[in-house]
Amino acid sequence: MSSPAPDALLGPADIRELAAALGVRPTKQRGQNFVIDANTVRRIVRTAGVRPDDVVVEVGPGLGSLTLALLEAADRVTAVEIDDVLAGALPATIAARMPARADRFALVHSDAMHVTELPGPPPTALVANLPYNVAVPVLLHMLETFPSIERTLVMVQSEVADRLAAGPGNKVYGVPSVKANWYAEVKRAGAIGRNVFWPAPNVDSGLVSLVRRAEPLKTTASRREVFAVVDAAFAQRRKTLRAALAGWAGSAAAAEAALVAAGVSPQARGEALTVEEFARIAEHKEPGK
């Protein structure tokens, strides 16, 4: 692998110069906050454990800060970008700053929520600074759509990072926690300050590591069936599961029967249950309900 030039990564002046040349102003609507610190993107790549044989998919590459750092370390990088101007400019930035690696880069100009296939070999890792407003749905969509992704490291709003990594009994444990855990072992992997972004957001950011389960969860219920129980349980999280799952099961009595059969107390609340317990409840839903 050829070594990139030491100044290949983007610094604060480079980012502002690129943005000005493109007429780009980061928009809140798309949750755009560009990373302007080379040390931070290198730290993200290190924390993600990106290897020389990895095929990395990045969502929301923006002006290319993290993309360039990923290209330094991985075999290939595919970036998914929704913004017309940013998608149009990124290949030229890669070619100019890392010409020896440009043939290892691919761009998919699309909304990540609608991506169902990627060019080249299947991705082995997902590394991304995810837009705050769509972080969880994008993450779950990518994990579901690309089962070849073994390791994921995402930078998200600190509060979202806490939710994703929370375990049962934690007050922020909820739908994102359970659904992420369906796919992977999830943990917080660090904090990121506000001053490494332009514009600086008014919230802190956190890194979340997700390592895909070596074996899928053992259950006869489908992912869709399990997620339906999770959604119902947390839609009314202050209610007992007997009450919260009444609509899902067809009646409170049917919910109680499914819970008892699954070995879960009908008086428990969703925030106390593991993903395995949600799967057991899904298995015991009365057919036809």
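Residue indices begin at 1 and follow the sequence shown. Keep in mind that this is a model prediction, so the values were computed, not measured. Worth knowing before you read on, the calculation uses all heavy atoms, side chains too, and leaves out hydrogens, waters and symmetry mates.
- The main-chain N or O of A228 is never found under 3.5 Å from a side-chain atom of D231 such that the two would form a donor-acceptor pair.
- Listed for the S177 side chain is no donor-acceptor partner under 3.5 Å among the backbone atoms of G167.
- Expressed to the nearest 0.5 Å, how far CH2 of W248 lies from CD1 of I281 amounts to 7.0 Å.
- Looking only at side-chain heavy atoms (C-beta outward), S148 and R212 stay at 4.5 Å or farther from each other.
- For the atom pair CG (L259) and NE2 (H284), the distance works out to 10.5 Å, reported to the nearest 0.5 Å.
- At a threshold of 4.5 Å between non-hydrogen side-chain atoms, the residues T78 and P119 count as touching.
- A 4.5 Å side-chain heavy-atom check between L139 and L164 finds at least one atom pair inside the cut-off.
- Counting only distance, with no hydrogens or angles, the side chain of E81 and the backbone of G62 share a donor-acceptor pair below 3.5 Å.
- Considering all non-hydrogen atoms of both residues, L9 and R97 come closest at O-NH2, 3.1 Å.
- Heavy atoms only, all atoms of each residue included: I149 and L126 are closest at CG2-N, 3.8 Å.
- By the 6.0 Å contact criterion, CD on E144 is enclosed, its count of non-hydrogen atoms from other residues, nucleotides or ligands being greater than 12.
- Contacts classified as salt bridge (charged side-chain N to carboxylate O under 4.0 Å, His left out) and involving residues 244-262 (residues at least two apart or in different chains) are given here: R242-E256.
- Taken from CG in L66 to CZ in F34, the straight-line distance is 13.0 Å, to the nearest 0.5 Å.
- What you find for V57 and M142 is that their closest heavy atoms are CG2-CE, 3.8 Å.
- Ring planes of F278 and F234: tilted class, angle from 30 to 60°.
- Proximity of a side-chain donor or acceptor of E283 to a complementary backbone N or O of T220 within less than 3.5 Å is detected.
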Test log, rule side chain to side chain contact (heavy atoms under 4.5 Å, CB included), inputs Y183 and L140
CA-CA 9 Å; Y183 298 105; L140 295 175; 4.1 Å; yes

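- Atom NZ of K171 sits about 8.5 Å away from atom CG of D162, to the nearest 0.5 Å.
- A heavy-atom distance below 4.5 Å is not found between the side chains of I94 and R101.
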Quick one, E17 with L63, criterion side chain to side chain contact (heavy atoms under 4.5 Å, CB included). Give me CA distance, side-chain angles, the key distance, then yes/no.
CA-CA 11 Å; E17 197 177 297; L63 292 164; over 6 Å; no

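- The hydrophobic cluster containing W198 also contains V35, counting ILVMFWY residues as joined when their side-chain heavy atoms lie under 4.5 angstrom apart, directly or transitively.
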Evaluate side chain to side chain contact (heavy atoms under 4.5 Å, CB included) for N33 paired with R194, printing each intermediate quantity in order.
CA-CA 10 Å; N33 297 90; R194 304 175 187 199; over 6 Å; no

Would you sort out whether E72 and V45 count as a side chain to side chain contact (heavy atoms under 4.5 Å, CB included), showing the intermediate values?
CA-CA 9 Å; E72 279 187 338; V45 172; over 6 Å; no

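- Taken together through direct or relayed side-chain contacts under 4.5 Å among Ile, Leu, Val, Met, Phe, Trp and Tyr, V55 and V127 form parts of separate hydrophobic clusters.
- Placement of V50 and V211 in two distinct hydrophobic clusters is found when ILVMFWY residues are connected by side-chain heavy-atom separations under 4.5 Å, directly or transitively.
- The shortest distance between side-chain heavy atoms of E159 and V172 does not fall below 4.5 Å.
- Atom OG1 in T40 sits 10.5 Å away from atom CG in N129 (nearest 0.5 Å).
- Nearest heavy-atom pair, F105 versus P91, reported as atom, atom and distance to 0.1 Å: CE2-CA, 4.2 Å.
- Taking both residues in full, the closest heavy atoms of A87 and L107 are given as O-CD2, 3.1 Å, listed atom of the first, atom of the second, then distance.
- Each of V229 and V260 belongs to its own hydrophobic cluster when Ile, Leu, Val, Met, Phe, Trp and Tyr are linked at side-chain heavy-atom distances under 4.5 angstrom.
- With a 4.5 Å cut-off on side-chain heavy atoms, V115 and T145 do not count as touching.
- Among all heavy-atom pairs drawn from I44 and L153, the shortest one is O-CD2, 3.3 Å.
- Counting heavy atoms from C-beta on, the side chains of V80 and M113 never come closer than 4.5 Å.
- Atoms CG and CZ, on L70 and R104 in that order, are 14.5 Å from each other to the nearest 0.5 Å.
- In this structure, Y173 and N181 have side chains that are not in contact, with every pair of non-hydrogen atoms separated by 4.5 Å or more.
- A donor-acceptor contact shorter than 3.5 Å is absent between the side chain of R76 and the backbone of G120.
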